[in-house]
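Structure record follows, encoded as structure tokens.
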Amino acid sequence: MRLLLISNLFPPKILGGYELAAHDLAQALAERGHTVRVLTSAGTGALAVSPDESETDASRAGVDVRRELRLTAYGPAMELTREEELKLHFEHMISQPVNSHLVLETLREFQPDAVQVFNVIGIGGAALLDVLRHSGVPFSLNLGDAIPVEVLRELPRAVHDVYAAPGVAAEAFFADIPLVAVSSKLATEISRFGVELSGDRLIVPRGIRVPAGLTRRGSGAAGETALPASAAEGTAGVPAAAQRTFRFVFASVLFAHKGVDLVLDAAAALLGEATEASKASAASAASQASAGSPASGAFTVDMFGAGDDAFYRRRAEELGLSGVVRFHGNVDRAVLYDSLATADAFLFPTAEREALGQVGLQAAALGCTPIVTAQAGVSEWLSDEAHCLKIDRTVESLAEAMRRVVAGEVDVDTLGRRAQRLMNENYSFETYVDAVFEFMTRPRTAAAASAHLDVEGDSDIDSESDIDDKDKKARRVLSAWLAETRGVSDDLVVPRRSSEWPD
């Protein structure tokens with residue numbers, strides 16, 4: 001089959017898990033013999049892809065990656081007035097005619113049997129989806145975050161009405177678009193903002209594409225982390241946990257909403273307790289006297305990812321964690337996976353509204369016990385105390401989970417093997433690809449269109465003119481609204497950002 005994937009970003013430049021999901025799905029579909037094209041951007045600013053970076057595993061597998069979309073998001077921060085912000089937001093979420101024309105041209109030239117759309121932020125999402133809706137080509141959304149909420153937020157109803165079907169409220173813009181969502185939590189969150197979603201949906205975690213030959217726990221391969229009998233029993237009457245240095249891993253962008261502060265504060269709390277305990281025991285003091293390095297039977301934390309690196313490195317030093325917490329920055333996925341495959345537990349005290357937290361499932365797939373926020377989407381797929389440890393999003397709760405691991409109260413090796421087995425048997429990458437392919441290519445009755453953009457070019461409607469006319473009308477509506485209200489009207493489909501808004 002001929003399959004088209006659309007994503008604002010695509011590896012090697014990434015911001016989150018959805019770009020990797022798009023890449024891995026495209027690669028897998030091509031490896032199965034399908035003709036796959038990806039329509040994406042070359043990035044922007046620091047995210048721009050240079051020619052020598054453009055080849056990926058997907059392109060080597062035969063995926064035709066076209067980096068032709070114009071992207072306006074993720075550029076350098078700018079000082080903007082409220083009016084300028086809203087006009088730029090229009091470009092991000094509503095319409096960029098150059099991109100709409102490119103999608104239409106791609107549909108005509110490539111003639112895909114089905115289209116899967118990932119993130120549309122920064123490429124004029126509403127207009128792109130409008131082109132797809134009127135093309136008659138089956139398409140679906142692959143959601144790893146509240147993208148429909150982002151598309152509909154902060155702009156007046158009259159702007160969205162330009163792209164809504166006649167007689168259909170703007171809140172229902174997405175109601176006829178089949179969707180794949182990474183958790184029921186995500187679908188519920190989107191609905192909480194008043195955005196209607198289609199009942200034609202697939203709720204499935206994104207499978208983990210583990211590199212061939214990677215060290216696996218419990219498989220008998222090199223890197224097996226089960227302790228030998230002598231170590232498990234301990235020596236000289238000392239419990240095994242007291243002789244073992246436990247290694248925790250954190251991997252995500254280094255920003256507060258991912259829980260970096262909680263990880264550092266919890267590590268500092270545990271280190272302080274260990275220091276006090278060593279002072280109280282002469283034997284412990286003798287064996288843990290090496291200043292600035294973790295004691296035997298203690299712990300380390302490896303931090304992977306970029307973001308507020310300098311801030312958190314300073315924070316770790318201030319907390320006295322220089323010998324315990326190690327920052328590695330962004331690394332190749334194979335390096336991260338190898339670290340997870342040999343670690344004891346994965347720390348992920350992410351925001352409660354995290355739609356999934358793919359890296360938590362990656363850790364599980366590699367046999368590394370996840371310690372995760374109980375309300376986050378990743379918890380939807382794992383059972384507490386059987387495959388993971390679920391925590392409240394507090395320093396105290398995270399520190400207690402880490403303390404239980406270091407004290408040997410939790411058998412992380414057994415939990416890790418259970419988690420790995422669950423992922424392999426229920427949520428494998430191949431299972432995910434099977435489910436998504438069946439869903440995106442399922443026969444459906446195309447929704448009636450008031451202005452059919454015929455990809456064969458034989459419609460009475462001038463498709464290019466229709467795209468341009470809608471764009472001009474939407475911009476006129478926005479300008480009139482700004483002139484009248486200065487952008488503070490309450491006539492919004494989804495409200496402006498607030499303290500309750502997703503990070």
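Contact of the M402 side chain with the L398 side chain is registered, since non-hydrogen atoms from C-beta on lie closer than 4.5 Å. Within the 4.5 Å cutoff, the side chain of L141 has no heavy atoms near those of the V120 side chain. Contact check for L382 versus P370: side-chain heavy atoms found under the 4.5 Å cut-off. Side chains of M303 and Y312 form no contact here, defined as non-hydrogen atoms less than 4.5 Å apart. Side-chain contact check for N142 versus L5: every heavy-atom pair is 4.5 Å or farther apart. The shortest distance between side-chain heavy atoms of F10 and T56 falls below 4.5 Å. In this structure, L3 and T441 have side chains that are in contact, with non-hydrogen atoms separated by less than 4.5 Å. Contact annotation: the side chain of R67 approaches that of S54 to within less than 4.5 Å [non-hydrogen atoms, C-beta and beyond].
Taking the centre and axis of the six-membered ring of F173, the NZ or CZ atom of R133 falls inside the cone set by 45° and 6.0 Å. Both tests hold for R444 against F439: distance to the six-membered ring centre under 6.0 Å, angle to the ring axis within 45°. For the pair R2 and F110, the cation-pi test (distance below 6.0 Å, angle within 45°) is passed.
Below 30°, between 30° and 60°, or above 60°: for H89 and H92 the angle between ring planes is above 60°, a perpendicular geometry. Below 30°, between 30° and 60°, or above 60°: for F250 and F348 the angle between ring planes is between 30° and 60°, a tilted geometry.
Judged as a side-chain contact (heavy atoms from CB on, under 4.5 Å), and not counting sequence neighbours, the contacts of E352 are T373, Q375, R393. Residues meeting the salt bridge (charged side-chain N to carboxylate O under 4.0 Å, His left out) test with E19, sequence neighbours left out: none. Under the rule for a side chain to side chain donor-acceptor pair (under 3.5 Å), the partners of K87 that lie at least two apart in sequence or sit in another chain are E83. For the side-chain contact (heavy atoms from CB on, under 4.5 Å) test, residues two or more places apart in sequence or in another chain that qualify with D57 are H23, Q27, R60. Considering only residues two or more places apart in sequence or on other chains, A435 meets the side-chain contact (heavy atoms from CB on, under 4.5 Å) condition with L202. For Q362, the side chain to side chain donor-acceptor pair (under 3.5 Å) partners two or more places apart in sequence, or in a different chain, are Y337. L20 is linked by a side-chain contact (heavy atoms from CB on, under 4.5 Å) to P11, I14, R333, counting only residues two or more places apart in sequence or in another chain. With sequence neighbours left out, R247 forms a salt bridge (charged side-chain N to carboxylate O under 4.0 Å, His left out) with D302.
To the nearest 0.5 Å, the span separating CZ on F174 from OG on S198 amounts to 12.0 Å. Distance check, rounded to the nearest 0.5 Å: CG of L132 to CG of L4 gives 8.0 Å. Note that CG of N119 is 12.0 Å distant from CD1 of I6, once rounded to the nearest 0.5 Å. To the nearest 0.5 Å, the span separating CZ on F327 from CG on D309 amounts to 8.0 Å. Considering SG of C368 and CG of D413, their distance stands at 10.5 Å, rounded to 0.5 Å. Here the CG-CG distance, from L197 to L179, works out to 5.5 Å after rounding to the nearest 0.5 Å.
Ion pair E68/R37 not flagged as a salt bridge, since none of the NZ, NE, NH1 or NH2 atoms sits closer than 4.0 Å to an Asp/Glu carboxylate oxygen. Under a 4.0 Å N-O distance rule, the pair E354/K258 qualifies as a salt bridge. Using a 4.0 Å cut-off between a side-chain N of Lys or Arg and a carboxylate O of Asp or Glu, D411 and R417 do not qualify as a salt bridge. Between R153 and E150 there is a salt bridge, since a side-chain N of the basic residue sits under 4.0 Å from a carboxylate O of the acidic one.
The only member of D261, L262, I371 that meets side-chain contact (heavy atoms from CB on, under 4.5 Å) when paired with P349 is L262. If you run side-chain contact (heavy atoms from CB on, under 4.5 Å) between Q96 and each of T72, L128, L69, L102, only T72 comes through.
Here the side chain of S140 pairs no donor or acceptor atom with the backbone of M440 at under 3.5 angstrom. A donor-acceptor pair under 3.5 Å is formed between the side chain of T342 and the backbone N or O of D338. Listed for the H387 side chain is no donor-acceptor partner under 3.5 Å among the backbone atoms of W381. Here the side chain of D384 pairs a donor or acceptor atom with the backbone of K390 at under 3.5 angstrom. Without hydrogens or angle criteria, S41 side chain to L9 main chain gives no donor-acceptor distance under 3.5 Å. A donor-acceptor pair under 3.5 Å links the side-chain atoms of N8 to the main chain of I121, judged by distance alone. H34 contributes a side-chain N or O that, together with a main-chain N or O of M1, makes up a donor-acceptor pair within less than 3.5 Å.
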| request: Take R475 and D471 through the test salt bridge (Lys or Arg N to Asp or Glu O under 4.0 Å) and record every step on the way to the result. | output: CA-CA 6 Å; R475 290 177 189 274; D471 175 77; 2.9 Å; yes
| request: Decide yes or no on salt bridge (Lys or Arg N to Asp or Glu O under 4.0 Å) for R157 and E171, but give the supporting numbers first. | output: CA-CA 9 Å; R157 184 174 303 278; E171 290 88 344; 2.9 Å; yes
| Can you check salt bridge (Lys or Arg N to Asp or Glu O under 4.0 Å) on K473 and D161, steps first, answer last? | CA-CA 10 Å; K473 181 178 180 181; D161 284 345; over 6 Å; no
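The salt bridge (charged side-chain N to carboxylate O under 4.0 Å, His left out) pairs that include a residue from residues 359-383 number zero, where partners must be two or more places apart or lie in different chains. For residues 114-125, no pair satisfies salt bridge (charged side-chain N to carboxylate O under 4.0 Å, His left out), with sequence neighbours left out. Counting only residues at least two apart or on different chains, no salt bridge (charged side-chain N to carboxylate O under 4.0 Å, His left out) pair has a member in residues 363-372. Sequence neighbours left out, the pairs with a member in residues 421-432 that pass salt bridge (charged side-chain N to carboxylate O under 4.0 Å, His left out) are R32-E430.
Using modelled atom types and a 3.5 Å distance limit, the side chains of D52 and S50 yield a donor-acceptor pair. Judged purely by distance below 3.5 Å, without hydrogens or angles, the side chains of R206 and Q358 never pair a donor atom with an acceptor atom.
Taking each heavy atom of M423 and A365 in turn, the nearest pair found is CG-N, 3.7 Å. Taking every heavy atom of both residues into account, F429 and A28 meet most closely at CE2-CB, 3.6 Å. Taking both residues in full, the closest heavy atoms of A355 and V182 are given as O-CG2, 3.8 Å, listed atom of the first, atom of the second, then distance. Residue A386 comes nearest to L415 through the heavy atom pair O-CG, 3.8 Å, listed as atom of the first residue, atom of the second, then distance. Closest approach of K185 and A376 over heavy atoms only: CD-C, 3.9 Å. The shortest heavy-atom contact between Y432 and G207 is CG-N, 3.3 Å.
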